[in-house]
Number of protein chains: 2
Amino acid sequence: MSTKTDILEAAMHVFAERGFRGGTVREICERAGANVAAVNYHFHDKSSLYAEVLQHAYRNAGAGEAMPTLADAPDQPEKQLAAWIHWYVRRLLHSDGTPVGRLMARELADPTEALDHLARGAVQPVFSELGRLVAAVAGGGLDDRRLKLQCITIVGQCLVFHSGRAMLQRLEPPHFTSDDAEEIARHITAGAIRACDPTPLESRR
Amino acid sequence: MSTKTDILEAAMHVFAERGFRGGTVREICERAGANVAAVNYHFHDKSSLYAEVLQHAYRNAGAGEAMPTLADAPDQPEKQLAAWIHWYVRRLLHSDGTPVGRLMARELADPTEALDHLARGAVQPVFSELGRLVAAVAGGGLDDRRLKLQCITIVGQCLVFHSGRAMLQRLEPPHFTSDDAEEIARHITAGAIRACDPTPLESRR
DNA sequence: GCCTGTTTGAAACGGATGTTTGCATCCAGA
DNA sequence: TCTGGATGCAAACATCCGTTTCAAACAGGC
């Protein structure tokens, strides 16, 4: 039974590094110290192995800190929103352990049928909680579309530091690494809270 | 000379659909109505063809519409920043013709050596212009790191509507399509201009 | 120890892919 | 008309990949 889990672990890293097509079963098996035929014996084929890798990765992803929610402190929505953004940024940048972030990015660039299950099961709850937090900070001053827009742009600001990392590193400095997660989170939080302020743009001076 | 451009055009669509590894020389040539050896004759090899496709796609993206710059109206930085964001969002979402967005997303998820050239040649100028615009709107009230942070988060907010599209469509409505480019751009612009306001967060009420 | 079902291993298979080769074709310019 | 370089084409080549085969090694119940 050790061989099967070894292959699963090795496949997770190989698929995260090289993608589904780029990752070869030979590299997976070599990394797992197993024979080439082991993949087809323990899993039916390469595709089934990939599906199990995704499930395994997402199941073990929430092993870290718990997501901050509005219910934790209903009277301090701004503090909870800040905590949520900090949690999300740290989750994205501190990819110690399972490289679930890279697997996710690859799924977005090249969606398979596994993305539907992932969206409903793992992403929607996180997104819904962000919606509750933003709505609470805004105090009901946002309609559905503006609320959704605000949530998407918050997530986008966090995501770009991970998904766009390869590009950002090739542009001119200053650069931002995982050590700057707190600075990044503070910046995004400040912008998000200001955006929830119902004051019109023209009267801010 | 027609064969070379035919191959370039066909390769752009094939690489956008299937990625660099997934797109085969044979499919490209079949689509271009050329022989398999044409790729290695006109371009050195598959990698060089891919690099030329990336540059060609990014250069011709949103052809006809020039990037708004600060130099166009140095006394109206906010208006120019709004124009820049609108231009960038429209460029990302209205991918009529060249599928530059999908190519970039794939390149970010799976960087090749072509990304270096792309970053220096095509992306850095666009990013630098955004930096000038944000600096002008802020009126010199931002240091290097905060300026860079602001630019990255602006780009991130635009990008997420494209790179995260597959996921966003699978979440709960309301959804945003390319028809909502103007609404999206206005939302991002409003947030960006507020973020450049040097007023401390606590005194906004 | 023997039998039975499970797991591992080396090798090979069949197919796909990037690239090369050798020759045919075209087409200005002498 | 002849020529030489540029281009196009069919076929072959070399390599890599996922998968299969089949026999050996193993584990546990009798």
Side-chain angles (χ1 to χ4, degrees), chain A residues 1-57 99 102-103 106-107 109-114, chain B residues 1-57 99 102-103 106-107 109-118:
Chain A
M1 196 54 184
S2 162
T3 316
K4 185 168 181 178
T5 59
D6 286 352
I7 289 179
L8 206 62
E9 196 71 19
M12 185 169 62
H13 290 97
V14 170
F15 283 143
E17 266 182 50
R18 313 210 190 285
F20 173 66
R21 249 185 269 259
T24 72
V25 308
R26 279 176 171 81
E27 182 180 357
I28 291 170
C29 291
E30 189 182 6
R31 188 162 179 161
N35 189 268
V36 231
V39 161
N40 301 89
Y41 177 75
H42 287 285
F43 313 85
H44 182 60
D45 53 11
K46 187 186 176 184
S47 304
S48 305
L49 169 61
Y50 180 67
E52 285 210 31
V53 161
L54 279 189
Q55 287 192 340
H56 180 259
R102 297 200 66 177
L103 287 168
R106 289 188 182 281
E107 271 295 308
D110 206 349
T112 74
E113 65 282 354
Chain B
M1 196 53 183
S2 161
T3 316
K4 186 169 180 177
T5 60
D6 286 352
I7 288 178
L8 206 62
E9 197 71 19
M12 185 169 60
H13 290 98
V14 170
F15 283 144
E17 266 182 48
R18 314 209 189 284
F20 173 66
R21 283 195 174 92
T24 72
V25 173
R26 281 175 171 81
E27 182 180 357
I28 291 170
C29 291
E30 188 182 6
R31 188 163 178 160
N35 189 268
V36 224
V39 161
N40 301 89
Y41 177 75
H42 288 285
F43 312 86
H44 183 60
D45 53 10
K46 186 186 177 186
S47 304
S48 305
L49 168 61
Y50 180 68
E52 286 210 33
V53 162
L54 277 191
Q55 291 197 347
H56 178 260
R102 295 197 66 178
L103 286 168
R106 287 186 181 283
E107 189 58 28
D110 203 352
T112 71
E113 63 281 356
L115 188 56
D116 290 280
H117 293 135
L118 190 62

Is the shortest side-chain N to carboxylate O distance from B:K4 to B:E52 below 4.0 Å?
->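 Salt bridge: no.
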Under a 4.0 Å heavy-atom criterion, the protein footprint on nucleotides 13-20 of chain D, written with B, S and -, is ----BBBB
Atom [atom1] of [X] to atom [atom2] of [N]: distance rounded to whole Å?
| X | N | atom1 | atom2 | result |
| --- | --- | --- | --- | --- |
| B:F15 | C:dT17 | CZ | C1' | 12 Å |
| B:K4 | D:dG8 | NZ | P | 11 Å |
| B:Y41 | D:dA10 | OH | C1' | 17 Å |
| B:E30 | C:dA16 | CD | C1' | 14 Å |
| B:I28 | C:dT19 | CD1 | P | 11 Å |
| B:I7 | C:dT19 | CD1 | C1' | 14 Å |

Approximate separation, where rounding is to 0.5 Å, of [X] [atom1] and [Y] [atom2]:
| X | Y | atom1 | atom2 | value |
| --- | --- | --- | --- | --- |
| A:H56 | A:L49 | NE2 | CG | 11.5 Å |
| A:L103 | A:M12 | CG | CE | 7.5 Å |
| A:R106 | A:F15 | CZ | CZ | 10.5 Å |

Report, as yes or no, whether the 6.0 Å neighbourhood of atom CD on B:Q55 holds more than 12 heavy atoms from other residues, nucleotides or ligands.
->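 For B:Q55, atom CD is crowded (more than 12 foreign heavy atoms under 6.0 Å).
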Taking only the side-chain nitrogens and oxygens of B:H42, find out if one of them lies under 4.0 Å from OP1 or OP2 of D:dG8.
->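 Answer is yes, contact under 4.0 Å.
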Does a side-chain N or O from B:T3 land closer than 4.0 Å to OP1 or OP2 of D:dT7, or not?
->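 Checking B:T3 against D:dT7: no side-chain N or O falls below 4.0 Å of OP1 or OP2.
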Residue pair B:D6 / B:T3, side-chain donor-acceptor N/O under 3.5 Å =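 No, because no side-chain N or O of B:D6 sits under 3.5 Å from a partner of the opposite role on B:T3.
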